[in-house]
Amino acid sequence: MRISGRCLCGAVSYAGEAAPQFQVKCYCTACRKKGAAGHAAYLVVAGDAIEVSGEVRAYKHKADSGNEVTHAFCPACGSGVYELNSGMAGTLALNAATLDSPDIFSPQMVVFASRAPAWDAVNFDGARFDEMPPRG
């Protein structure tokens with residue numbers, strides 16, 4: 001599948017051919033705060049399948065799992081473009097909101113549903129986890 005996207009100002013873009021490994025909506029506190037929204041949505045692909053162009057800045061923090069998460073964003077407009085997670089080596093979590101064709105995003109699961117704010121209720125018929133599901 002052809003995947004491409006960009007930040008709000010267009011200074012950072014990405015493109016490649018990749019099959020999503022999984023697609024997820026996350027309601028964890030870090031995702032809500034970094035995205036200034038009730039949840040974040042990610043299309044997770046093999047990292048070597050996507051080429052990123054433009055300068056990104058990064059913010060790293062330790063997730064509830066103990067993994068280090070790197071949030072890459074455009075230094076000009078502040079748009080979050082992708083995330084890296086030390087517990088998922090070799091993958092790139094593209095922020096679905098930055099996709100050129102947002103309709104290719106089709107969530108398969110919701111994680112941290114217990115942390116969803118009342119004003120962004122979880123309305124999802126697929127796999128739903130109150131916290132992070134076990135790996136595997």
Using modelled atom types and a 3.5 Å cut-off, is there a donor and acceptor pairing between side-chain atoms of [X] and backbone atoms of [Y]?
{"X": "Gln21", "Y": "Val44", "value": "no"}
{"X": "Arg32", "Y": "Tyr27", "value": "yes"}
{"X": "Asn95", "Y": "Ala97", "value": "no"}
{"X": "Ser114", "Y": "Asp130", "value": "yes"}
{"X": "Glu83", "Y": "His71", "value": "no"}
{"X": "Ser86", "Y": "Glu68", "value": "yes"}
{"X": "Ser4", "Y": "Asp100", "value": "no"}

Give the minimum heavy-atom separation between [X] and [Y], together with the two atoms involved.
{"X": "Phe105", "Y": "Ala41", "answer": "CZ-CB, 3.6 Å"}
{"X": "Pro75", "Y": "Val56", "answer": "CD-CA, 4.1 Å"}
{"X": "Ser106", "Y": "Gln23", "answer": "N-OE1, 2.6 Å"}
{"X": "Ile50", "Y": "Ala18", "answer": "CD1-CB, 4.4 Å"}
{"X": "Cys74", "Y": "Cys77", "answer": "SG-N, 3.5 Å"}

When rounded to the nearest 0.5 angstrom, what is the spacing between [atom1] in [X] and [atom2] in [Y]?
{"X": "Ser53", "Y": "Arg6", "atom1": "OG", "atom2": "CZ", "answer": "9.5 Å"}
{"X": "Met1", "Y": "Glu17", "atom1": "CE", "atom2": "CD", "answer": "9.5 Å"}
{"X": "Asn67", "Y": "His61", "atom1": "CG", "atom2": "NE2", "answer": "10.5 Å"}
{"X": "Leu99", "Y": "Ile104", "atom1": "CG", "atom2": "CD1", "answer": "4.5 Å"}
{"X": "Ser13", "Y": "Glu51", "atom1": "OG", "atom2": "CD", "answer": "8.5 Å"}
{"X": "Phe112", "Y": "Lys25", "atom1": "CZ", "atom2": "NZ", "answer": "15.5 Å"}

Using the rule that Ile, Leu, Val, Met, Phe, Trp and Tyr join whenever any side-chain heavy atoms are under 4.5 Å apart, tell me whether [X] and [Y] fall into a single cluster.
{"X": "Val111", "Y": "Tyr82", "value": "no"}
{"X": "Val110", "Y": "Leu94", "value": "no"}
{"X": "Leu84", "Y": "Val12", "value": "yes"}
{"X": "Val45", "Y": "Met88", "value": "no"}
{"X": "Phe73", "Y": "Leu8", "value": "no"}

Quick check: do Asn85 and Thr91 have side-chain heavy atoms less than 4.5 Å from each other? no
Would you say that Tyr14 contacts Thr98 through its side chain, given a criterion of any heavy-atom pair below 4.5 Å between the two side chains? yes
Around Tyr59, counting heavy atoms of other residues, nucleotides and ligands shown, do more than 12 lie under 6.0 Å from its OH? no
